[in-house]
Number of protein chains: 2
Amino acid sequence: MIISTVNVNGLRAAARKEEGFLRWLAATDADVVCLQETRAERAQLPEEVIAPPGWHVTLAPARDKGRAGVALYSRIRPDAVRVGFGVEEFADAGRYVEADVAGVTVASLYLPSGEVGTPRQEEKERFMAAFLPYLVGLRERAGAEGREVVVCGDWNIAHREADLRNWKANTRKSGFLPEERAWLSRVFDEAGYVDVVRSLFPDSEGPYSWWSYRGKAFDNDAGWRIDYHVASPGLAAQAKEARVERAAEYGLRWSDHAPVTVHYDV
Amino acid sequence: MIISTVNVNGLRAAARKEEGFLRWLAATDADVVCLQETRAERAQLPEEVIAPPGWHVTLAPARDKGRAGVALYSRIRPDAVRVGFGVEEFADAGRYVEADVAGVTVASLYLPSGEVGTPRQEEKERFMAAFLPYLVGLRERAGAEGREVVVCGDWNIAHREADLRNWKANTRKSGFLPEERAWLSRVFDEAGYVDVVRSLFPDSEGPYSWWSYRGKAFDNDAGWRIDYHVASPGLAAQAKEARVERAAEYGLRWSDHAPVTVHYDV
DNA sequence: CATCGGAGG
DNA sequence: CCTCTGATG
C-alpha cells in the first residue's frame, strides 16, 4: 500500500493550476492520499476534484468557510469513515478524518498552526491536549484487533533540530517550541507510534516538506519537516521507501507543502 | 487640447497588466487624463505610475484604504490644483480633484455608485445635493473670468434611455433612477453645462463606456454611458471629435470602463 | 466577475 | 507570498 499526504493550501487553487493537484493525482502511484487545508466545501469544488475516476473521495470540510478542511482519496473503497476524534470543539473543525482501508486505519490530520502569544496558540495547545489521549486509544483498539494505523498529515511541529533548516532562529516560534516538541515525543514514546520517514532517514537533515512562500525559502531549501506519517510499529516496520515530492523534480509547485509518500509492504 | 477620462478600477491592477494602463498612457494622444477609482495611495504605486516621463501627476486618494481615489495626468504643468469641492464630508473621499491647465479648469470626478435601499444610496444623494451648487458656482466663476471648464469622470448615472442598453430593466436600479436622471438634467439645464459626447452623437445608442464584468455584458455590448465630459458651453462648442476606446479596438481590456476621449480646439 | 483589505498561514 | 473571506462595484 502506497500512502501519500499533502497540505494543498486551498484545494480549489491547487486544482485550478495547470500542473497542479489533478495532474499530480493522475500521475501518483499512491493508493491512499491524505489532504489537508482543502479550504472548500463540496459544492465549491468541480466534479474532477470530488469524483475523479478510480478514486473514492471523503471530504471533511470545516465549519468556518475557507478554513482548514481535510480529505481522503482512496483507490480501494473504505470499509468505514469517521470524521473528527470525539472532541466537541474539533468535531467540525476540518482537522481530522480517518478511514479503514484494506485493514489499515489511515487518517488525515491537520493540526492547528498556532502563533505564540495569540489565541491560536492556545487552540493548538487545546488540540494537542485532546488529541494525544485519542491517539493512545486508537493504538490500543487497533492493537487489540490486530489492525495497523497511520496518522498522516500536517502536524505543524518540527520534532528535532534536523527537522528544520534554521532551528536556532525558531526556538521561540510556534512549530518548534519546546513544549510542542515534547508533546510530539510523547506521541512516539508514550503512545507508541513511529515517525516513519525519520525511521527511513535516520541521519538526514529533513527531508523537509514545507517551505514558506515568503522570500527565497524554497530556492534555498529553507524548509521544515512538519508533514508526517505517524504509524503503529507493525506498519512502520513495513515501510520500505519514502520520498518527498519536491516541486522541482515533480513538476511545478502547486502548494507550499510537498507530498510525502511512503511505500508500505502491506 | 485632448482630454481623456477613465475609471481604472484599481490603478495598481490596471498598471500591472501587460496591455494595461501604462501601455495605454504611452500610446494616448491625450494632453490631460482624468482617472477614477485609483484605489491606492502614492506609496502603494510604482514609480512608472506616479512619475511617468512627460506627465505631471496629481493624486487625490481616499481616506479609506483601497476605496475610490481620483487622479489627473497632464502633459502641461497645471497652474493650480484643488482637491475636494469644499464640502467636509467629501473633502478626503477621493472623489474630486480639479486643475487649471492652459486656461481650462479640468476636473476628475468619481460620483458615489449607490445601491437602492442602502446607506450607499443615501451617500450618493448627499453627494449630488452638495455637488450641484458647487458646479453652479464653478461655472459662474469661470464665466466671470472668461475661463472654460470641463468636469470629466464617472458620474454613475445614465441620463437617458439611449445611455444604457437595457433601460427598461434598470428603471429602479441605482444609476438610472428618475431622481438621479432629473439631477443630471439640472446639471445641464440649470447649471448650464453641456454633455459633450452626447452633443457629438445626438442620435446614437451610447456610446457606452462601462460594461459589467458579470456575464457576457461586454461581448454583448450591454453597457452604460456613465462616464462624461460635462463642459461649459464655450468649451463644448470646441469639441470636434469624441471616441470611446473600447477594449477590442484598443488592445486588451484592463478595466470595466473604457477611456472617453474628446478633442477640443483650444 | 473584477479589485481590494485583512485573516490566516 | 500565497489562498481564502467579504465589501464594493
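Each chain gets a letter, A, B and so on, in the order the sequences are listed, and its residues count up from 1.
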For the side chain of A/Arg214, counting heavy atoms from C-beta on, which of C/dG9, D/dT5, D/dG9 is nearest? C/dG9
With respect to the side chain of A/Arg95, which nucleotide from C/dG5, C/dG9, D/dC2 is positioned closest? C/dG9
For the pair B/Glu19 and B/Lys17, evaluate salt bridge (charged side-chain N to carboxylate O under 4.0 Å, His left out) and give the outcome as yes or no after the intermediate values. CA-CA 6 Å; B/Glu19 297 187 36; B/Lys17 287 166 190 165; over 6 Å; no
So B/Lys216, base contact, sugar-phosphate only, or nothing? Heavy-atom distance under 4.0 Å. nothing
Ring centroid separation A/Phe90 to A/Phe127 under 6.0 Å: yes
Here the gap from A/Ile226 atom CD1 to A/His159 atom NE2, rounded to the nearest 0.5 Å, amounts to 14.5 Å
For B/Leu25 versus B/Thr28, what's the shortest heavy-atom pair and its separation? O-CG2, 3.2 Å
Taking the side chain of B/Lys65 as its heavy atoms from C-beta onward, which of C/dG6, C/dG8, D/dC1 lies nearest to it? C/dG6
Looking only at the side chain of B/Ala13 (C-beta and beyond, no hydrogens), which of the listed nucleotides D/dT3, C/dT3, C/dC1 gets closest? C/dT3
Looking only at C/dC4, D/dG9, C/dG8, the nucleotide nearest the B/Arg16 side chain is C/dC4
A/Asn7 CG to D/dC4 P, straight-line distance once rounded to whole Å: 11 Å
Spacing of A/Glu37 atom CD relative to D/dC2 atom P, expressed in whole Å: 15 Å
Residue-phosphate contact under 4.0 Å: B/Arg253 side-chain N/O, C/dC1 OP1/OP2: no
Of the candidates C/dG9, C/dC4, D/dC2, the side chain of B/Arg39 sits closest to C/dC4
base_contact_polar (D/dG9 base, B/Arg67 side chain, donor-acceptor, <3.5 Å): no
Between C/dG9 atom P and A/Ile157 atom CD1, what is the distance in whole Å? 14 Å
Check the distance between C/dT3's P and B/Leu35's CG and give it to me in whole angstrom. 16 Å
